Amino acid sequence: ATNSEELARLFEGIDPTLPPEQVAAQLREVLLGIALLENKDDPVHNFLIGLAYLSGIDVEVDHEKALQLITSAAEADLPEAYEKLVSMYQTGEGVERNYHTAIEWQKRYVDHLQSVADANPTEDRLTTLFNALWDLGEAQRRDVGAVAYAKDTYIAMLRCALSMQAIGHPWAYRDLSVSYNNLGDICCAEGKLDLAKKWYRIVLEIDEALARETGTVQARRDLSISYERLGNISQAQGRLDEAQEWRRKSLEIDEALARETGTVQAWDDLAEICFHLGTLSDTSKEERIMYLQRTLEIGKRLHEVTRMSRHQDFITVAEQEL
């Protein structure tokens with residue numbers, strides 16, 4: 001039942017003596033004000049209101065208030081709030097861009113996910129943790145050049161992938177492959193080529209097994225990439241015959257995938273491996289010309305479709321080499 005005294009008591013600013021439409025208008029204003037208040041017991045509420053202030057949805061833009069509300073939601077371990085803070089500091093949305101601060105929030109997010117996964121290591125929780133670790137490692141390498149920290153993160157990724165394997169997660173072996181690859185990349189960046197090759201050979205064993213057992217396009221492409229990585233290492237070590245052998249294995253897969261799928265990605269992979277074979281000094285002159293002509297042919301075809309500078313580069317460099 002209508003109770004004017006109770007209405008006035010509960011909602012400050014309401015005058016029940018006014019006509020009903022004016023009371024309704026006052027009530028709408030009061031309720032909006034309540035909705036925009038921080039609620040210490042509801043991080044989802046604070047996160048959503050923070051987004052409203054960040055973008056000016058039904059309120060004036062207030063970046064300081066948005067940051068305060070979204071931060072409070074993250075401190076209450078709301079995953080979406082962690083992710084939003086990382087994005088805000090990476091892109092400078094509503095805050096001054098700061099890659100170090102973005103990484104700190106990503107680390108806090110990873111710590112939260114790790115504790116959740118430790119308590120109950122389900123497939124979904126381990127997958128979310130693995131992906132968050134991947135993002136953290138990439139940011140450490142790409143945004144601030146912290147190779148040593150990225151290495152620690154990739155070791156944590158490997159532990160996560162091993163936990164996934166232990167519970168029979170369907171993506172465990174591919175995630176193991178990704179983790180070992182990342183460690184190999186770190187060793188390359190550190191100039192430790194022999195150690196990098198050891199990591200890549202572990203990846204090769206996994207990728208060969210997955211390609212053999214599943215035969216999927218992705219598994220076969222991963223195997224081709226493994227051959228290509230080993231070819232790069234061999235070339236860097238001056239073992240050109242070995243580099244050529246690895247790259248020809250990659251070429252065989254890339255040619256098959258290009259014919260079977262016809263995708264831009266497949267033809268792009270084929271153009272790249274042809275280019276590498278065409279510029280390998282240990283390849284015979286006739287072979288170099290053949291591979292460079294193939295690179296030129298595919299590059300022109302791709303550029304007509306994509307207009308990407310990468311494909312124009314294939315054309316330009318192949319013409320120069322020829």
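Predicted, not measured: the structure shown is a model, and the values here were computed from it.
Minimum heavy-atom separation, Gln237 to Asp194: NE2-OD1, 2.8 Å. A pairwise comparison of heavy atoms in Ile167 and Pro121 identifies CD1-O, 3.4 Å as the closest pair. Closest approach of Ile70 to Leu54, counting heavy atoms only: CD1-CD2, 4.4 Å. Residues Ala139 and Ile103 share a closest heavy-atom pair of O-CD1, 3.8 Å. Scanning both residues, Ala211 and Leu223, for their nearest heavy atoms gives CB-CD2, 3.9 Å. Closest of all the heavy-atom pairs between Ile233 and Cys188 is CD1-SG, 3.3 Å.
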Could you list the donor-acceptor pairs under 3.5 angstrom formed by side chains in residues 11-25, with sequence neighbours left out?
from: Asp15; atom 1: OD1; to: Thr17; atom 2: N; distance (Å): 3.1
from: Asp15; atom 1: OD1; to: Thr17; atom 2: OG1; distance (Å): 2.6
from: Asp15; atom 1: OD2; to: Thr17; atom 2: OG1; distance (Å): 3.3

Applying side chain to side chain contact (heavy atoms under 4.5 Å, CB included), run through Gln114 and Arg125 and close with a yes or a no. CA-CA 9 Å; Gln114 184 70 66; Arg125 288 180 176 185; over 6 Å; no
Just do the side-chain hydrogen bond (donor to acceptor under 3.5 Å, both in side chains) check on His311 and Asp268 with the steps written out, would you? CA-CA 8 Å; His311 299 142; Asp268 184 287; 2.7 Å; yes
Determine whether Gln140 and Thr153 satisfy the following criterion, side-chain hydrogen bond (donor to acceptor under 3.5 Å, both in side chains), listing intermediate values before the conclusion. CA-CA 9 Å; Gln140 288 168 326; Thr153 300; 2.7 Å; yes
Leu280 vs His276, test: side chain to side chain contact (heavy atoms under 4.5 Å, CB included). Steps then yes/no. CA-CA 6 Å; Leu280 190 63; His276 285 159; over 6 Å; no
Test side chain to side chain contact (heavy atoms under 4.5 Å, CB included) on Tyr227 and Leu204 and set out the steps. CA-CA 7 Å; Tyr227 289 141; Leu204 178 62; 3.5 Å; yes
Is there a side chain to side chain contact (heavy atoms under 4.5 Å, CB included) between Gln235 and Gln244 once you walk through the steps? CA-CA 8 Å; Gln235 182 172 353; Gln244 188 180 59; over 6 Å; no
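One distance of note links CG of Leu296 with NZ of Lys300; it measures 4.5 Å at 0.5 Å rounding. For the atom pair CG of Asp222 and CD1 of Ile206, the computed distance is 10.5 Å after rounding to the nearest 0.5 Å. Here NE2 of His303 is found 9.0 Å from CG of Asp313. Values are rounded to the nearest 0.5 Å. Between the CG atom in Leu113 and the CZ atom in Arg108 there is a gap of 13.0 Å [rounded to 0.5 Å]. Expressed to the nearest 0.5 Å, how far SG of Cys160 lies from CG of Leu129 amounts to 4.0 Å. In this structure, CG on Asp207 lies 12.0 Å from CD1 on Ile202, to the nearest 0.5 angstrom.
Between Lys65 and Glu60, none of the side-chain N atoms (NZ, or NE/NH1/NH2) sits under 4.0 Å from a carboxylate O, so this pair counts as no salt bridge. Salt bridge annotation for Glu297-Arg301: present, with a cationic side-chain nitrogen under 4.0 angstrom from a carboxylate oxygen. Using a 4.0 Å cut-off between a side-chain N of Lys or Arg and a carboxylate O of Asp or Glu, Arg220 and Glu252 do not qualify as a salt bridge.
Looking only at side-chain heavy atoms (C-beta outward), Ile57 and Leu51 stay at 4.5 Å or farther from each other.
No donor-acceptor distance shorter than 3.5 angstrom exists from the side chain of Thr71 to the backbone of Gln68, with no hydrogens or angles considered. Not one N or O on the side chain of Tyr109 forms a donor-acceptor pair closer than 3.5 Å with the backbone of Tyr82. Distance alone, capped at 3.5 Å, places no donor-acceptor pair between the Arg247 side chain and the Glu228 backbone. When atom types are taken as modelled, the side chain of Ser250 and the backbone of Ser224 share a donor-acceptor pair closer than 3.5 angstrom. A donor-acceptor distance shorter than 3.5 angstrom exists from the side chain of Tyr200 to the backbone of Asp185, with no hydrogens or angles considered. Distance alone, capped at 3.5 Å, is enough to place a donor-acceptor pair between the Thr127 side chain and the Glu123 backbone. The closest donor-acceptor contact from the side chain of Thr306 to the backbone of Met308 lies under 3.5 Å. One N or O on the side chain of Arg97 and one on the backbone of Gln90 form a donor-acceptor pair closer than 3.5 Å. For Ser55 (side chain) and Ala52 (main-chain N/O), no donor-acceptor pair under 3.5 Å exists by modelled atom type.
Note on Val86 and Leu67: same hydrophobic cluster, where clusters join Ile, Leu, Val, Met, Phe, Trp and Tyr whose side-chain heavy atoms are under 4.5 Å apart, directly or indirectly. Residues Tyr89 and Phe47 fall within the same hydrophobic cluster, defined by Ile, Leu, Val, Met, Phe, Trp and Tyr side chains chained together at heavy-atom separations under 4.5 Å. No path of Ile, Leu, Val, Met, Phe, Trp and Tyr side chains, each step under 4.5 Å between heavy atoms, connects Trp134 with Val116, placing them in separate hydrophobic clusters.
Under the rule for a salt bridge (Lys or Arg N to Asp or Glu O under 4.0 Å), the partners of Lys192 that lie at least two apart in sequence or sit in another chain are Glu190.
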